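Have a look at the structure below before the remarks.
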Amino acid sequence: MNFRKKLKPSLIAVLMLCAGCLSMPETVLVPGAPEDLQSCFVLFPSGPWECVHKIEAVIGEGMSSSLLGITQGDPAERKLHTVLLTPEGFILFEAEQREDTISVLKSVAPFDSPAFARGLMEDVNLLFLPPRGRPSKWGRSADGAVLCQWESPDGYREEITLSTVGRISLRDRHGDLAKEALLMAPFVKGLASQMELRAHQPALYMLRMTLLPGAP
């Protein structure tokens with residue numbers, strides 16, 4: 001399994017250093033049923049898709065900005081195409097990804113560094129593409145929530161929790177929380193209407209994303 005090998009600076013993250021990490025003990029799981037395994041993938045679109053989001057980016061505890069994001073994807077080919085724009089429609093960044101290869105099509109300062117490109121595409125992957133392969137562990141927690149875990153060879157762990165909202169967590173090899181995303185209903189063509197991504201390392205920031213109605 002070759003997913004998210006390293007945590008790289010993500011959207012706006014190149015502007016700020018890490019303010020701390022969060023650690024949690026291992027969750028004890030009741031063994032899962034076959035339908036629980038199928039549930040591990042329900043947060044992600046199952047076929048090709050395109051969407052437009054209004055994005056509020058908050059850096060640390062202060063500066064915020066409003067952006068638009070256009071994203072296309074095909075999970076079968078692990079392919080993504082993303083565009084980041086100002087509210088007026090000026091393109092700040094555009095890139096494509098197929099498997100692990102990223103091609104930057106356009107970028108303007110301060111969004112023109114390779115670290116920013118890798119980080120932004122890491123966030124897009126986390127939100128829109130399911131982890132590769134079968135989870136290493138799945139089941140139900142004490143409160144009945146479905147929990148699925150994928151582990152990479154170098155010790156990074158991605159967790160998906162399904163209860164009243166969908167939660168995607170990315171932890172480093174020490175078990176410290178690096179990123180966490182909440183995906184909230186209703187889902188439209190497999191896409192959450194509201195998403196919130198919080199990054200704790202290597203930089204502290206938050207993205208609030210609203211799916212715009214009527215977008216392709």
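The model shown is predicted, which means the values in this text are computed figures rather than measured ones.
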Legend entry - Salt bridge Asp100-Arg78, side-chain N to carboxylate O under 4.0 Å: no

Going by atom type alone, with no hydrogens or angles, which donor-acceptor pairs under 3.5 Å involve a side-chain atom of residues 103-110 and a protein atom two or more places apart or on another chain?
none

Legend entry - Verdict with supporting geometry, Thr210 and Met195, side chain to side chain contact (heavy atoms under 4.5 Å, CB included): CA-CA 7 Å; Thr210 301; Met195 297 189 290; over 6 Å; no

Legend entry - Rounded distance [0.5 Å steps], SG in Cys40 versus CG in Leu162: 7.0 Å

Inset, instruction - Answer yes or no: is there a side-chain heavy-atom contact under 4.5 Å between Arg132 and Glu99? - result: yes

Inset, instruction - Could you pull out all residues at least two apart from Arg208 that satisfy side chain to side chain contact (heavy atoms under 4.5 Å, CB included)? - result: Glu56, Val58, Glu196, Met206

Inset, instruction - Before accepting this row, confirm whether a basic side-chain N of the pair Glu158/Lys179 lies closer than 4.0 Å to the acidic partner's carboxylate O. - result: no

Inset, instruction - Taking the side chain as every heavy atom from C-beta outward, state whether Pro114 and Phe116 have any pair of such atoms under 4.5 Å apart. - result: no

Legend entry - Test side-chain hydrogen bond (donor to acceptor under 3.5 Å, both in side chains) applied to Gln201 and Asp172, step by step: CA-CA 9 Å; Gln201 57 163 305; Asp172 66 17; 3.0 Å; yes

Legend entry - Side-chain heavy-atom pair Asp36, Arg140 within 4.5 angstrom cut-off: yes

Legend entry - Note, Leu212 side chain near Leu68 side chain (heavy atom, < 4.5 Å): yes

Legend entry - Side-chain heavy-atom pair Leu80, Ile102 within 4.5 angstrom cut-off: no

Inset, instruction - Indicate the atoms forming the closest heavy-atom contact of Pro130 with Pro75, along with that distance. - result: CD-CB, 4.5 Å

Inset, instruction - Specify the closest pair of heavy atoms between Ala192 and Leu211, including all atoms of both residues, with the distance to one decimal. - result: O-CB, 3.8 Å

Inset, instruction - Heavy atoms only: give me the nearest Ile59-Tyr205 pair and the separation to one decimal. - result: CA-CB, 4.3 Å

Legend entry - Flag side-chain contact, heavy atom, 4.5 Å: Leu92 against Leu85: no

Inset, instruction - Give a yes or no on whether Val146 and Met184 share a hydrophobic cluster (residues Ile, Leu, Val, Met, Phe, Trp, Tyr; joining criterion: side-chain heavy atoms under 4.5 Å apart). - result: no

Inset, instruction - Can you measure from CE (Met121) to CD (Glu96) and round to the nearest 0.5 angstrom? - result: 9.0 Å

Inset, instruction - Mind listing the closest non-hydrogen atom pair of Ile160 and Pro131 along with its distance? - result: CD1-CD, 4.1 Å

Inset, instruction - Could you tell me whether Asp176 and Arg171 make a salt bridge, using a distance below 4.0 angstrom between a side-chain N and a carboxylate O? - result: no

Legend entry - From CA spacing to verdict: salt bridge (charged side-chain N to carboxylate O under 4.0 Å, His left out), Glu159, Lys137: CA-CA 10 Å; Glu159 299 177 345; Lys137 185 189 330 184; over 6 Å; no

Inset, instruction - Measure across Ala57 and Leu207 and return the closest heavy-atom pair with its distance rounded to 0.1 Å. - result: CB-CD2, 3.7 Å

Inset, instruction - Please confirm whether the backbone N or O of Gln149 pairs with a side-chain atom of Ser136, one donor and one acceptor, at under 3.5 Å? - result: yes

Legend entry - Interatomic spacing from OG1 in Thr101 to CZ in Arg98 - rounded to 0.5 Å: 9.5 Å

Legend entry - Donor-acceptor side-chain pairing of Glu50 and His81 below 3.5 angstrom: no

Legend entry - Phe128 ring center within less than 6.0 Å of Phe44 ring center: no

Legend entry - From Leu182, Asp123, Leu183, Ile168, residue fulfilling side chain to side chain contact (heavy atoms under 4.5 Å, CB included) relative to Leu197: Asp123

Inset, instruction - Could you tell me whether the side chains of Thr86 and Glu88 share a donor-acceptor contact shorter than 3.5 Å? - result: yes

Inset, instruction - Run the numbers on Phe93 and Leu120 for side chain to side chain contact (heavy atoms under 4.5 Å, CB included), then give the verdict. - result: CA-CA 10 Å; Phe93 179 87; Leu120 184 145; 4.1 Å; yes

Inset, instruction - Please report the closest heavy-atom contact between Gly47 and Trp49, naming both atoms and the distance. - result: O-CD1, 2.9 Å

Legend entry - Cluster check Val165, Leu126: I/L/V/M/F/W/Y, side chain < 4.5 angstrom: no

Inset, instruction - Please tell me if the side chains of Met209 and Leu127 come closer than 4.5 Å, counting only heavy atoms from C-beta onward. - result: yes

Inset, instruction - To the nearest 0.5 angstrom, please state how far the SG atom of Cys51 sits from the CG atom of Leu191. - result: 5.0 Å

Inset, instruction - Would you please indicate if the ring centroids of Phe41 and Trp138 are separated by under 6.0 Å? - result: no

Inset, instruction - Could you tell me the separation between the OG atom of Ser152 and the CZ atom of Arg157, rounded to the nearest 0.5 Å? - result: 10.5 Å

Inset, instruction - List the steps, then state whether side-chain hydrogen bond (donor to acceptor under 3.5 Å, both in side chains) holds for His200 with Glu180. - result: CA-CA 8 Å; His200 303 282; Glu180 184 175 45; 4.8 Å; no

Inset, instruction - State, yes or no, whether a side-chain contact exists between Ser169 and Leu177 at a heavy-atom distance under 4.5 Å. - result: yes

